[in-house]
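Counting starts at 1 for both ligands and their atoms, in listed order. Numbers here simply count residues along the sequence, with the first being 1.
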Amino acid sequence: MKKVRKAIIPAAGLGTRFLPATKAMPKEMLPIVDRPTIEYIVEEAIESGIQDIIIVTGKGKRAIEDHFDRNFELEENLASKDKIELLRKINQSSNVDIHYIRQKEPKGLGHAVWCARNFVGDEPFAVLLGDDIIRAEIPCTLQLIEQFNETGSSVIGVQTVEDYETHRYGIIDPISSNNRRYEVSKFVEKPKQGTAPSNLAIMGRYILTPEIFSFIETQEKGAGGEIQLTDAIQKLNAVQKVFAYDFIGKRYDVGEKIGFVKTTIDMALENDEIKEELYSYLKKKILELDLYN
Ligand code: UTP
């Protein structure tokens, strides 16, 4: 069985939920305190043993390529000022090969993944979306790779969401479970409110076999008028088992505003440079708000 060595990070979406901030800046470059969100995703891939990463970019996404490139002028400047820790930080992701491909038009997540088919070739591969930052003792992608190694089948990361949230996600219809791993009868993208077959939602982490590409190729537009990866996975599941795995880890939804702000607060409260001052500020703020309510 081939090993999972490659990962696709789709980053060509329009980021409309963060407009106007994302008019000229990629959503994936929005910082959580001092690190762009995409750095957390690349880090998870590296920690999961991925050797080759391809980022699917689009119009206005040049900043992502610049971010993972060396910046000699900046490096020299930091070195001359003995800013060693900052030097280390800016080169954190330089020990993995990152490639880029452009999705000419944002036709949907399925189409973005399809754009990377030549890079993947005939191997199983990982997909990591930047909308979810997942912090876990064992990186989420590695948990899914372990499941793939056991089953030889595609595995999709899921976690439980509330009833009122199911319409925003891809949802699975589970048949049976074995130690957090589910056999699945159906994968449904963004089911209408009240129609979701379960509360187990797809969380932006996938291990897929290369057979998925032939299903994406013929996939018609689905929810939101986009070519949906979930719809192609549903078809793959009819000919090749696709499992869902309820991974262990805390997931931060940075793809929407409130999730982004909560993530920023959580990460800032762990940041040695600012955590004490932020904690005092938040305490004061809560008191003030309580006074007025
Ligand atoms: P989203 O739908 O959450 O991202 O896609 P978006 O379209 O950028 O954001 P909104 O909804 O307009 O605010 C999930 C992931 O898939 C990528 C996005 O970049 C994001 O990481 N994506 C989506 C593509 O690469 N191409 C697409 O055509 C659509």
Side-chain angles (χ1 to χ4, degrees), residues 7-32 36-45 53-65 67-68 98-117 119-120 125-134 140-141 156-159 161 165-171 187-191 201-206 208 212-213 216-217 219-233 251-261 263:
I8 302 175
I9 303 181
L14 294 175
T16 50
R17 282 169 287 178
F18 283 92
L19 281 170
T22 46
K23 190 175 167 211
M25 177 165 72
K27 161 173 103 170
E28 298 75 14
M29 289 301 295
L30 293 175
I32 308 285
T37 54
I38 196 161
E39 231 186 73
Y40 291 91
I41 311 303
V42 167
E43 186 175 81
E44 181 188 322
I53 294 174
I54 191 160
I55 301 180
V56 183
T57 66
K59 196 171 175 308
K61 302 278 183 168
R62 178 66 55 79
I64 298 176
E65 291 180 43
H67 180 74
F68 290 111
I98 302 185
H99 313 261
Y100 300 90
I101 187 138
R102 275 173 87 93
Q103 182 189 24
K104 293 197 180 77
E105 223 185 296
K107 293 184 181 172
L109 173 60
H111 182 258
V113 169
W114 186 77
C115 289
R117 66 199 178 284
F119 162 83
V120 167
F125 62 99
V127 178
L128 295 88
L129 304 192
D131 284 5
D132 299 301
I133 291 178
I134 296 163
C140 176
T141 295
I156 317 297
V158 294
Q159 275 194 341
V161 297
E165 295 176 302
T166 51
H167 70 284
R168 292 175 28 216
Y169 294 90
I171 300 287
F187 294 83
V188 194
E189 185 61 33
K190 299 191 176 68
I202 299 174
M203 289 301 173
R205 297 294 185 272
Y206 311 74
L208 295 168
I212 190 72
F213 291 115
I216 301 177
E217 200 162 324
Q219 186 58 54
E220 315 233 303
K221 288 177 186 169
E226 297 193 340
I227 297 173
Q228 296 289 354
L229 182 59
T230 309
D231 296 341
I233 290 172
R251 172 232 170 202
Y252 292 89
D253 182 0
V254 290
E256 46 123 28
K257 277 177 230 169
I258 185 66
F260 186 86
V261 172
T263 311

Legend entry - Element-labelled atoms of ligand 1 that are located less than 4.0 Å from some non-hydrogen atom of A112: 24 (C), 25 (O), 26 (N)
Inset, instruction - Measure the distance from atom 8 (O) of ligand 1 to every protein heavy atom, then report the residue, atom name and distance (to 0.1 Å) of the closest one. - result: G15 N, 2.9 Å
Legend entry - ligand 1 versus P10: contacting region, heavy-atom distance under 4.0 Å: both
Legend entry - Sub-4.0 Å atoms of ligand 1 with respect to non-hydrogen atoms of K107: 28 (O)
Inset, instruction - Please report which non-hydrogen protein atom sits nearest to atom 2 (O) of ligand 1, along with the residue it belongs to and the distance in Å to one decimal place. - result: R17 NH2, 4.2 Å
Legend entry - T37 and Y252, any side-chain heavy atoms less than 4.5 Å apart: no
Inset, instruction - Find out whether E39 and H67 are in side-chain contact, i.e. whether some heavy atom of one side chain is under 4.5 Å from a heavy atom of the other. - result: yes
Inset, instruction - Provide the number and element of each atom of ligand 1 under 4.0 Å from a heavy atom of Q103. - result: 24 (C), 25 (O), 26 (N), 27 (C), 28 (O)
Inset, instruction - Measure the distance from atom 3 (O) of ligand 1 to every protein heavy atom, then report the residue, atom name and distance (to 0.1 Å) of the closest one. - result: D131 OD2, 2.5 Å
Inset, instruction - Mark up the atoms of ligand 1 that fall under 4.0 Å of a heavy atom belonging to A11, in ascending order. - result: 19 (O), 25 (O)
Inset, instruction - With heavy atoms of P106 as the reference, note each atom of ligand 1 found under 4.0 Å away. - result: 28 (O)
Inset, instruction - Just need the protein heavy atom nearest to atom 23 (C) of ligand 1, so name the residue and atom and give the distance. - result: G13 CA, 3.8 Å
Inset, instruction - May I ask you to list the atoms of ligand 1 that are less than 4.0 angstrom from any heavy atom of E28? - result: 19 (O), 21 (O)
Inset, instruction - Output the list of atoms in ligand 1 that are nearer than 4.0 Å to some heavy atom of G108, sorted by atom number. - result: 26 (N), 27 (C), 28 (O), 29 (C)
Legend entry - Taking atom 16 (O) of ligand 1 as the reference point, the nearest protein heavy atom with its distance: L109 CD1, 3.6 Å
Legend entry - Nearest-neighbour protein heavy atom for atom 12 (O) of ligand 1, which is reported as residue plus atom name and distance: T16 OG1, 2.5 Å
Legend entry - Residue and atom name of the nearest protein heavy atom (relative to atom 25 (O) of ligand 1), distance in Å to one decimal: A12 N, 2.8 Å
Legend entry - Carboxylate-amine/guanidinium proximity below 4.0 Å for R117 and E217: no
Inset, instruction - Classify the contact between K27 and ligand 1 as side chain, backbone, both or neither, using a heavy-atom distance cut-off of under 4.0 Å. - result: side chain
